[in-house]
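Below is one structure, written out as structure tokens; the observations come after it.
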Protein chains: 2
Amino acid sequence: MNEKKLTAAGRLWIEIDGENFLGSGRIELLENIESLGSLRQAAASMGLSYRKAYYAVRSMNELAPAPLVELRQGGKGGGCAMLTETGRVFVEKYQKIAHQFVIFLTKQSAVF
Amino acid sequence: MNEKKLTAAGRLWIEIDGENFLGSGRIELLENIESLGSLRQAAASMGLSYRKAYYAVRSMNELAPAPLVELRQGGKGGGCAMLTETGRVFVEKYQKIAHQFVIFLTKQSAVF
DNA sequence: TATCGTTATTCCTTTTGATGAATAACGCGG
DNA sequence: CCGCGTTATTCATCAAAAGGAATAACGATA
């Protein structure tokens, strides 16, 4: 039936009580926070406005059983952003299921 | 770690040459077209504007290797909309991988 | 030829979302 | 006590999407 390339595609995220909690964008943000130590720089590094990044962190911290990111304002360097242990655990968990998802999609694409 | 309910959630669709082709909304529209025989009624039955439904059908028909929906204007009843054989095949295919996707998500949710 | 209910298309309004600018608050260090 | 760079927050503006209204086109039927 084909000449064109048919593929199964999708998006995956984690919900808490039915509310959006962690998707690929937020995970990328968390990773950048971990490596850069600054929310502003993390946002800039992925072409995200600071405000959007800030609200994302707030939403994550409120939804999670414990905060994923610790934000400090003032002090040395003006402030900092750090991933908590809970944050690191969730990043790792997401990466695992995201990897399984890639496998799933390639498997389903074989149907066509 | 829990009191709150963590679940893996997601969306699944089919792409053709990297472009969005069939998602759950369009599949629902196709099903309603099949059962009602009218694009206008199919759109109304799922709270969709006629225009949006019409453009969705146009997009699908252009992307697909063969049209999924046949539209006729004028004549008995004013016109009609019918699913083609190709359309029925794609609906069935989508439903199968969508079912697999549900299984996948429940499996991944067990991680939490 | 007039009727009818649908398909086909355009236009305008509303609404939602994204974006950037601007500014306050903070606390360590000089 | 002032400067610095960050976090924290509000405001206004612009773009994009959504929605509804209105109307033309169509062809079997009577």
Side-chain angles (χ1 to χ4, degrees), chain A residues 11 13 19-64 66-84 86-87, chain B residues 11 13 15 19-64 66-84 86-88:
Chain A
R11 286 194 167 279
W13 63 88
E19 281 191 71
N20 177 39
F21 174 48
L22 281 179
S24 63
R26 288 184 172 189
I27 290 295
E28 186 182 348
L29 178 61
L30 293 180
E31 291 170 341
N32 289 334
I33 288 173
E34 166 104 307
S35 64
L36 295 173
S38 155
L39 180 54
R40 183 169 296 278
Q41 289 176 31
S45 76
M46 54 191 290
L48 200 63
S49 72
Y50 172 81
R51 208 186 35 173
K52 201 170 179 180
Y54 174 72
Y55 283 130
V57 168
R58 250 187 126 177
S59 165
M60 283 187 267
N61 280 348
E62 281 178 10
L63 278 171
L68 307 187
V69 179
E70 186 183 342
L71 297 175
R72 288 186 196 159
Q73 75 173 344
K76 182 181 179 181
C80 65
M82 296 178 304
L83 224 56
T84 65
T86 304
Chain B
R11 286 197 167 276
W13 64 88
E15 293 183 353
E19 281 190 71
N20 176 40
F21 174 49
L22 281 179
S24 63
R26 288 183 172 189
I27 291 295
E28 186 182 348
L29 178 61
L30 293 180
E31 291 170 339
N32 289 333
I33 288 172
E34 166 104 308
S35 64
L36 295 172
S38 155
L39 180 54
R40 184 169 296 278
Q41 288 175 32
S45 77
M46 55 192 289
L48 200 63
S49 73
Y50 172 82
R51 208 188 35 175
K52 200 169 179 181
Y54 174 72
Y55 283 130
V57 167
R58 251 187 125 178
S59 166
M60 283 186 269
N61 281 347
E62 281 177 11
L63 278 171
L68 308 187
V69 178
E70 186 184 342
L71 296 175
R72 288 185 197 160
Q73 74 173 344
K76 182 181 178 181
C80 65
M82 295 178 306
L83 225 54
T84 66
T86 304
R88 275 187 289 271

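Remember, it's a predicted structure, so these values are computed and weren't measured experimentally. Chain identifiers are assigned alphabetically (A, B, ...) following the order of the sequence lines, protein sequences preceding nucleic acid strands; residue numbering begins at 1 within each chain.
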Partner set under side chain to side chain contact (heavy atoms under 4.5 Å, CB included) for K76(B), not counting sequence neighbours
none

Nearest-Å distance for atom pair CG/P, residues L71(A) and dT9(D):
10 Å

State whether K76(B) places a side-chain N or O below 4.0 Å from either non-bridging phosphate oxygen (OP1 or OP2) of dG5(C).
no

In residues 34-47 of chain B, what residues come within less than 4.0 Å of DNA chain D, judged by heavy atoms?
none

Proximal nucleotide (of dG19(D), dA8(D), dA28(D)) relative to the R51(B) side chain:
dG19(D)

Check for a donor-acceptor pair, side chain of N61(B) on one end and backbone N or O of V69(B) on the other, with a separation under 3.5 Å.
yes

Nearest-nucleotide pick for Y50(A), side chain only, options being dG19(D), dT9(C), dT7(D)
dT7(D)

Side chain proximity check, L22(B) to L30(B), heavy atoms < 4.5 angstrom:
yes

Can E70(A) and R72(A) be counted as an ion pair, charged N to O under 4.0 angstrom?
yes

Please give, in whole Å, the distance from dA17(D) P to N20(B) CG?
13 Å

Interatomic spacing from OG1 in T84(A) to CD in E34(A) - rounded to 0.5 Å:
10.0 Å

In whole angstrom, what separates Y55(B)'s OH from dA17(D)'s P?
14 Å

Measure from NZ on K52(A) to P on dA8(D) and round the result to the nearest Å.
19 Å

How many Å lie between CZ on R72(A) and P on dG29(C), as a whole number?
13 Å

Taking dT7(D), dA8(C), dT10(C) as options, the one with an atom nearest any side-chain atom of A81(A) is dT7(D)

Rounded to whole angstrom units, what separation is found between the OH atom of Y54(A) and the C1' atom of dA24(C)?
13 Å

Once you round it to whole Å, what is the distance between C1' of dG20(C) and CG of L48(A)?
13 Å

Are V57(B) and L29(B) packed together at the side-chain level, in the sense that at least one heavy-atom pair is separated by less than 4.5 angstrom?
yes

Could you please name the option among dA18(D), dT9(C), dT10(D) that lies closest to any side-chain atom of R58(B)?
dT9(C)

Can you pull out every ring-ring contact (aromatic ring centres under 6.0 Å, His included) where at least one residue sits in residues 19-61 of chain A? Sequence neighbours excluded, please.
F21(A)-F90(A)

Nearest to the side chain of Q73(A) - dA18(C), dT9(C), dT7(D)?
dT7(D)

